[in-house]
There are 2 protein chains.
Amino acid sequence: MRKHKYAVGVDFGTESGRAVLVDVGNGKELATAVYKYSHGVIDKVLPVEGKPVRLEPDWALQDPEDYLRVFKRTVPAVVRAAGVDPADVIGLGIDFTACTMLPVLADGTPLCVLAQFRRNPHAWVKLWKHHAAQPEADRINATARRMGEGWLERYGGKISSEWFFSKTLQILDEAPEVYAAADRLLEAADWVIWQLTGVETRNSCTAGYKAMWSKREGFPGEKYFAALDLRLRRVVDEKMTRKISPIGDCAGELTAEAARWTGLRPGTSVAVANVDAHVSVPAATVTETGRMVAIMGTSTCHMVLGAKERLVPGICGYVEDGIIPGLFGFEAGQSGVGDIFAWFVDNGVPGEYYAAARKAKLDIHQLLESEAAKLKPGESGLLALDWWNGNRSVLVDVDLTGLLLGATLATKPPEVYRALIEATAYGTRKIIESFEQNGVAVNELVTCGGLPEKNRLLMQIYADVTGVELKVTASKQTPALGSAMFGAVAAGVSRGGYASIFDAAKTMTSLKKETFKPIPANQKVYDRLYSEYVTLHDYFGRGTNDVMKRLKTLKKEAFAR
Amino acid sequence: MRKHKYAVGVDFGTESGRAVLVDVGNGKELATAVYKYSHGVIDKVLPVEGKPVRLEPDWALQDPEDYLRVFKRTVPAVVRAAGVDPADVIGLGIDFTACTMLPVLADGTPLCVLAQFRRNPHAWVKLWKHHAAQPEADRINATARRMGEGWLERYGGKISSEWFFSKTLQILDEAPEVYAAADRLLEAADWVIWQLTGVETRNSCTAGYKAMWSKREGFPGEKYFAALDLRLRRVVDEKMTRKISPIGDCAGELTAEAARWTGLRPGTSVAVANVDAHVSVPAATVTETGRMVAIMGTSTCHMVLGAKERLVPGICGYVEDGIIPGLFGFEAGQSGVGDIFAWFVDNGVPGEYYAAARKAKLDIHQLLESEAAKLKPGESGLLALDWWNGNRSVLVDVDLTGLLLGATLATKPPEVYRALIEATAYGTRKIIESFEQNGVAVNELVTCGGLPEKNRLLMQIYADVTGVELKVTASKQTPALGSAMFGAVAAGVSRGGYASIFDAAKTMTSLKKETFKPIPANQKVYDRLYSEYVTLHDYFGRGTNDVMKRLKTLKKEAFAR
């Protein structure tokens, strides 16, 4: 009997890090441990001694030492809980939120641990949802448009304030001394791999999706960076690197020090870093074209693989080797999904429904779902636009807002709840149609994340609205599983792992047996409702009536008065 | 010292009747008594012995004997409570919901009290909100359009299923034996006056607003009625009368029997019947042009007087002598106002707000009002269309539905509450503008009904949105006061009353000192918001995008599946 080998995946989320120990031979998840970051999201005051250093609105920072604590607290815990021999743990992989970036010295020391910079917010890790670099993003976009930079099209025509160079430029603008002192600027994903292996690598996923890099064209040219700011001209060569490691490569081996942190053996293989959403794709069994992965939680991320380069208007971007080596990884998203349902139960549901839920020993979502499930498609008479948190794809417009239409004096909360679910399903269908109309096939939807587990009505509505079959991953922690898979690939066949992520996916992943198939009678009704959605989507979203933006302007003016 | 004289006004509402005893010399309301109809609104089963007689959906009936009980229970009570000598009560007036009609014998006996018809729903009083005569209303409108009947324009181009001939035609269609047995068909308003005086009169208000009559043209012709149904050809001469008594006339004197019911003296003057909304106009101090009266409650009724005949598209109608003798009374309305706020607190407000209200010893509306009052105009970023119960004026379309636009994950219930108030204010401004654009001036708004008393924020928003000053009637029971005033006019000067409603209004009515004036800074913001409202109003309400109607169709189809 072949001896069992194991891999560890570590998933760095927004509030905590999670390690999962997986059996390489069958993908079974043997143990899980979670560490909640001691400083969490730093968005009010820096966690430093002395006079408080307050942050401006829209800031979101993290403490890099929290990341190392994740390794120290969770990896030994899963090895111990699973009762396995550390010698049989052949590989480790990680995934991270992105773009989450920091400035460091040449030896990897974060600037924020240095006394001289500890009280400077720009020396800390800028978390993905740090939204204070919008002026810089605007400059990046305007300059690129003016100069006719071709890479802008890969990102649907606009890059985000969340991305790498927006944050970099904000550091340069507001703290040139931090920019100057930073020998390296890099993703936290790559920084933790550096800490584990002693080797600085840069992964193709964050480089491609967040830093305007592509395998064929590299980074934007020096002329472009100089146009943004002369001091930024040589940023890639001075503070980054042009050597980008493809997803699936081995980054290096655990150092003796990192072995002590994790309780694993020095020399254990470590995979090139990855991003939480993207690493979920192979963990969701998907390593081929035509099968979209939807990670459905507070927001939804849609990823699909394509063999050819395609320009798809309004998507977040596409990267060759960005998700699976040898294929183009296309990404789109909906900026509010579970968040909208959460908003509704917090702000729009009367106490009697909470009382009924308590009585029935259900949570409020379960109660509303069971009530909403009694309705037929079209029965509520309601239609919503799912823009409570703006629209990421395909309109790429944060200033769009939510709309509910069709209410009467007889309208009840479960009807609104169902209308909101339906609206997010229409949003997903719009994304699927954009891909298909531009040559990227979507034949099925593999779902993971929190929502598919929780809400069967939602799954059936998505199947009925999109007309594609919905499947659900067997794993409830696909990012960590995906990272473990890449750990096994980093180890390679000789150490008991896999030659490729394709092989790993075949053995280590599976889907639940139950799937959600479109019901033809429902599809007919939803086709009519969707065509109404599209009319309103285009009317409010494509400039015919910019009332939502004008209301936002009035809102800002009201605050300013 | 001149001896005090008194008048009694009786207001017949949907659920109860209310008597008020008023000092004719100063309008002071000395006593009030309410009688809740023993059978209330009959909308499920007839209140008869034996096997239950169930009603179809949309039916709403009443028991005429309940109306007589109102006189018996309330009038003696107010005379007693006020401690006045019945000999000093010089007049009595009444107002009623309309069109609320019934079939009776030549002597006034309601058909429903006869054993032979007691179990036939069509023999009972059809209440104003009996909505089962829509097919008949459709036939009335289609036939009138086909025949080019000029009177249709007086009613904004469409008459309602609630009105007199829709209900009459339904009796003929569904119970020809009841139609045949009915010697008279008449408004309950006129029927109670008949019971008090022994004289059948027909008032110009219901005839004009509900039965297609006008002072200059009379009723539609026999040819038109014959086109609806041959049996209906002579309905006016057979079962009604062409003699219409103007508002302000004396209908007759109390019979001995009615004197026993009421405890008043036989011979007391009784005014021609009136309608609850319309009788409120003089009670709100308004007997001249340019001053709109808004009766604001679950819905809002807008009335304004004009010296000349004007066609105003989308209003409910206009009637010469309909409100005040010698003037044209124009009526418009919003079918959902307080009802929308009630829907919201019942269906969209979380328990924590109710808890906060209890703690602060406020009702939920007061709490939401105080929270919403902290917001500046435009600050919520929300905009709504006030069509939760359709649109009465100026679109005249029951199939329009509510819309809320601008919601984000940060939107809070008090913001929605304020947006709903604002939406109803925009609806009122649209009505005012329609009047003004068609030659009917509106220079101020005199408000009465439940809402003005309850919600100061609403009053200020209406002033800011409409740009006109809002005043509030001193009386909280304007319909009953108005009826008492007409009672004093019926008595005339010789008996200690008034020669005209103009004189009565001068002495017997007043406004509160406090008024609500538009705040220029708020007006500027609301002008911008209102222009957004108008764009959406026309887009969804005038045929550019009939999505609301298509959703209603889908809803009906879902129920039918």
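We name chains A, B, ... by the order of the sequence lines, and we start the count at 1 in each one.
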*How about A:Lys376: does its NZ atom have over 12 heavy atoms from other parts shown lying under 6.0 Å from it?*
yes
*Just how far is it from atom CG of B:Leu409 to atom CG of A:Asn389, taken to the nearest 0.5 Å?*
4.5 Å
*If you take all heavy atoms of A:Asn347 and B:Pro413, which pair is closest and at what distance?*
O-CG, 3.2 Å
*Contacting moiety of B:Val547, where chain A heavy atoms sit under 4.5 Å*: both
*asked:* Tell me the closest heavy-atom pair linking B:Gly348 and A:Pro350, and the distance in Å.
replied: N-CG, 4.1 Å
*Any residues in residues 537-545 of chain B near chain A, with a heavy-atom distance under 4.5 Å, and which are they?*
B:Tyr539, B:Phe540, B:Asn545
*asked:* Around atom NZ of B:Lys552, are there more than 12 heavy atoms from other residues, nucleotides or ligands closer than 6.0 Å?
replied: yes
*Using a heavy-atom distance cut-off of less than 4.5 Å, which residues of residues 377-387 of chain B contact chain A?*
B:Pro377, B:Gly378, B:Glu379, B:Ser380, B:Gly381, B:Leu382, B:Leu383, B:Trp387
*Atom CG in A:Asp399, atom OG1 in B:Thr408: separation rounded to 0.5 Å?*
11.5 Å
*Who among A:Ile340, A:Leu375, A:Asp346, A:Leu403 has the most heavy-atom pairs with chain B under 4.5 Å?*
A:Leu403
*Should the pair A:Glu415-B:Lys555 be classified as a salt bridge under the 4.0 Å nitrogen-to-oxygen rule?*
no
*Could you walk me through whether B:Arg528 and A:Glu557 pass the salt bridge (Lys or Arg N to Asp or Glu O under 4.0 Å) check?*
CA-CA 12 Å; B:Arg528 288 161 69 187; A:Glu557 289 177 17; 2.9 Å; yes
*When rounded to the nearest 0.5 angstrom, what distance separates CG in A:Leu551 from CG in B:Leu529?*
6.5 Å
_Can you confirm whether A:Met548 sits close enough to B:Glu532 that some side-chain heavy atom of one is under 4.5 Å from a side-chain heavy atom of the other?_
no
*Is a side-chain donor or acceptor of B:Trp343 paired with a backbone partner of A:Thr411 at a separation under 3.5 angstrom?*
yes
_As an exercise: rank B:Ala521, B:Ala558, B:Gly351 by heavy-atom pairs under 4.5 Å with chain A and give me the winner._
B:Ala558
*Distance (rounded to the nearest 0.5 Å) between B:Asp546 CG and A:Thr535 OG1*: 11.5 Å
*Of the backbone (N, CA, C, O) and the side chain (C-beta and beyond), which part of B:Arg561 lies under 4.5 Å from a heavy atom of chain A, both, or neither?*
both
